[in-house]
A.B. asks: 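Structure below; questions to follow.
Computed over heavy atoms, backbone and side chain alike; hydrogens, waters and symmetry mates excluded.
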Amino acid sequence: MAETKREIERKYESDDSGLPDLTGAAGVAAVLDKGLVELDATYYDTADERLTAASLTLRRRTGGSDAGWHLKFPVAPGVRDETRAPLSDTVPEEIAALVRSRVRGAELIPLVRLRSARDVRHLVDAEGTLLAEASLDTVTAERLTGKRRAAQWTEIEVELADGGDPALLDQLEKRLRKAGVRPAASPSKLARALELTAGRRRGGKTGPPLPVTAGDHVLAYLRAQRDALVELDPAVRRGLPDAVHRMRVATRRARSTLRTFGTVLDRTVTDPVGAELKWLAGELGVDRDQEVLADRLKTALDALPPALVTGPVPERLTAWAGARQGGAHAHLTGVLDSRRYLTLLDTLDALLADPPLRKAAGKKPAKPLGKAVRKDEKKLTAVLEHALALPPGQDRDLALHEARKKAKRTRYAAEAGTQALGAPAQGLTGAVKSLTTLLGDHQDSVMARRTLLELAAVAHAAGESTFTYGVLYAREEARAAALEAELPGRWKKIKTGAAG
């Protein structure tokens, strides 16, 4: 079974061969010699180093207290999440799944072998509590592909103890710098090994050229959404907060881009891709919508005075949310493992590599992008004004939900054109985002009321009081009415700003 640990560490190098004495620095009362540990790690990647390009490291390591498979995700400079699984001859499935969006059908092969003699020191306070672990690593690296070059070096590593204050590392670094120790030039042992065994200096990363034409701008925005899908895939699998929502937004942005900028990208080619993105967004919604709805109902219930809560409402709501969410996440994991989803990622790669550009793609961006944004804005106006003309009720709820979808499309179109169109597009993005938030709150209220009716029916059948469900329903109904009353003024303000 895989587990994940947050790892906060810093790496250093020195012209000297030893580890400076850190006693007395940052509250370190004693430095305990824990002896020498022999570590043997083989790093895996695809032949074209897709994991390395994404700053991910996958290794199988023996020796030390944490022998097994380790997959590291970058979180921030010096901070990584390490997912661990027990030793086995092949990559464990729970680890392989977390890199599937990048690996796809490629084979994971041994890339580099690192053998380290680790001289370990524990830095403890006056009570003997572990503050950090410092080590001096003597590393031997061997490239396992191509010409089997080797390299050797020593480095110092300082890792914060679990639950420690990261500020401690800043204080320890001051002592290290005074002793002539400097931060390592490479962010990891693997990065340094690849550089030293490549037979040449590895060049720094260079980004894509700056967008010039309309096609450049659209493709840059679409590429960013493809990258977000790939990057968020493992976060969704791990159940990280907000990951499903962010992945769903990236999916919608990509689909909206293909639909809005039909004068730039040929829709006879992109419409099938858009259909698959719509499918993925729907699958992501199974988990996300359930998560939002459960949080909303729990918050509303917690806000009620105890006298208004009759019957086992909290227990029933918790059971409903837990059962639905657990099933939804299992279903979503299956979707991310499916051939259909992986084929969609491959299709997006191919589309970006060889885009179906139309004539407008080669033009200066302002005119074609501005025209596309205005077209979406006009559609939003028509749908929203139709909804506002309807009396309160189911038809208006449906029309407002449609307006919300049009508002999102307008917002994403403006986002995609912001770099080319400047302040007007940026202003429209912010204004329509506020409208989308209001309409989203309204739709959440519609769904909450529907769910409360279902829960009340189940409670009634079990002989329980349905009073509390009725109170929650009435509050949601009042909330929706207030939002609908606010909407005309909000929309008038947006229209006036857009016109100005």
Side-chain angles (χ1 to χ4, degrees), residues 239 241-245 248-249 252 281-332 383-384 387-388 390-408 434-488 490:
D242 209 36
V244 173
H245 170 63
R248 192 182 188 189
V249 169
R252 286 174 164 170
E283 296 292 352
L284 290 166
V286 173
D287 198 359
R288 171 61 183 172
D289 291 344
Q290 177 65 26
E291 178 185 347
V292 170
L293 187 55
D295 287 345
R296 185 183 184 100
L297 292 175
K298 184 180 184 302
T299 299
L301 181 62
D302 290 345
L304 287 182
L308 297 183
V309 181
T310 61
V313 181
E315 293 79 6
R316 186 169 290 283
L317 180 57
T318 298
W320 168 82
R324 294 284 294 271
Q325 286 182 334
H329 186 75
H331 170 76
L332 184 52
V383 172
L384 187 54
L388 292 174
L390 294 171
Q394 185 175 4
D395 288 345
R396 178 183 252 197
D397 290 344
L398 292 172
L400 288 175
H401 183 46
E402 187 64 27
R404 180 192 181 197
K405 291 189 284 187
K406 289 292 190 293
K408 286 182 177 180
S434 71
L435 176 66
T436 304
T437 300
L438 188 152
L439 292 171
D441 194 2
H442 183 275
Q443 177 62 16
D444 289 346
S445 178
V446 171
M447 298 304 297
R449 281 176 278 157
R450 184 179 303 172
T451 301
L452 287 167
L453 288 175
E454 294 173 357
L455 290 172
V458 174
H460 178 73
E464 300 167 5
S465 170
T466 61
F467 172 78
T468 301
Y469 301 104
V471 172
L472 292 173
Y473 187 98
R475 291 194 171 197
E476 286 290 356
E477 196 169 45
R479 174 63 178 163
L483 292 169
E484 291 180 30
E486 182 183 350
L487 191 53
R490 178 79 63 89

A.B. asks: Please round to the nearest 0.5 Å and tell me the distance separating atom OG1 of T437 and atom CG of L483.
C.D. replies: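 Separation between the atoms: 11.0 Å.
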A.B. asks: Quick one, L284 with L332, criterion side-chain contact (heavy atoms from CB on, under 4.5 Å). Give me CA distance, side-chain angles, the key distance, then yes/no.
C.D. replies: CA-CA 7 Å; L284 290 166; L332 184 52; 3.7 Å; yes
A.B. asks: For a 4.5 angstrom cut-off between non-hydrogen side-chain atoms, does W320 reach V458?
C.D. replies: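 SC-SC contact between W320 and V458 ruled out.
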A.B. asks: Does the side chain of E484 come within less than 4.5 Å of L400's, by heavy atoms?
C.D. replies: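 With C-beta onward as the side chain, the pair touches.
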A.B. asks: Passes side-chain contact (heavy atoms from CB on, under 4.5 Å), L398 versus V446? Steps please.
C.D. replies: CA-CA 10 Å; L398 292 172; V446 171; over 6 Å; no
A.B. asks: Between A399 and A387, which heavy-atom pair has the shortest distance, and what is it?
C.D. replies: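 The pair with the smallest heavy-atom distance is CB-CB, 3.5 Å.
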A.B. asks: Please answer whether the main-chain N or O of V244 pairs with a side-chain N or O of R248 as donor and acceptor at a distance below 3.5 Å.
C.D. replies: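 Side chain of R248 to backbone of V244, a donor-acceptor pair under 3.5 Å: no, none is there.
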A.B. asks: CG of L384 to CZ of R490: how many Å apart, nearest 0.5 Å?
C.D. replies: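 If I round to the nearest 0.5 Å, the distance is 11.5 Å.
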A.B. asks: If you compare all heavy atoms of A407 against all heavy atoms of L435, which two are closest, and at what distance to 0.1 Å?
C.D. replies: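 That would be CB-CD2, 4.3 Å.
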A.B. asks: Would you name the heavy atoms of P314 and L301 that are closest together and state the gap between them?
C.D. replies: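 Shortest heavy-atom separation between P314 and L301 comes out as CA-CD2, 3.7 Å.
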A.B. asks: Backbone N or O of G311 within a donor-acceptor pair of the R316 side chain at under 3.5 Å?
C.D. replies: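 Judged by distance alone, no pair lies under 3.5 Å.
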A.B. asks: Just verifying a value: how many Å separate L293 CG and T451 OG1, rounded to the nearest 0.5 Å?
C.D. replies: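 Taking CG in L293 and OG1 in T451, the distance rounds to 4.0 Å.
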A.B. asks: Counting C-beta onward and ignoring hydrogens, is there a side-chain heavy-atom pair between L487 and H442 closer than 4.5 Å?
C.D. replies: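 Of all side-chain heavy-atom pairs linking H442 with L487, none is under 4.5 Å.
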A.B. asks: side-chain contact (heavy atoms from CB on, under 4.5 Å), that's the test. Do R479 and D441 meet it? Break it down for me.
C.D. replies: CA-CA 9 Å; R479 174 63 178 163; D441 194 2; 2.4 Å; yes
A.B. asks: Pick from R450, R449, R296: which one makes a side-chain hydrogen bond (donor to acceptor under 3.5 Å, both in side chains) with E476?
C.D. replies: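 Only match with E476 under side-chain hydrogen bond (donor to acceptor under 3.5 Å, both in side chains): R296.
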A.B. asks: How far does CG of L472 sit from CG of L455, to the nearest 0.5 angstrom?
C.D. replies: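 Interatomic distance, L472 CG to L455 CG, rounded to 0.5 Å: 9.5 Å.
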A.B. asks: Could you tell me whether a side-chain N or O of R396 sits under 3.5 Å from a main-chain N or O of L390, the two making a donor and an acceptor?
C.D. replies: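 Indeed, once roles are kept as given, a pair shorter than 3.5 Å links the two residues.
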A.B. asks: With a 4.5 Å limit on heavy-atom distance, are the side chains of Y469 and L453 in contact?
C.D. replies: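 With C-beta onward as the side chain, the pair stays apart.
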A.B. asks: Is any side-chain heavy atom of T318 less than 4.5 Å from a side-chain heavy atom of K298?
C.D. replies: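 Of all side-chain heavy-atom pairs linking K298 with T318, none is under 4.5 Å.
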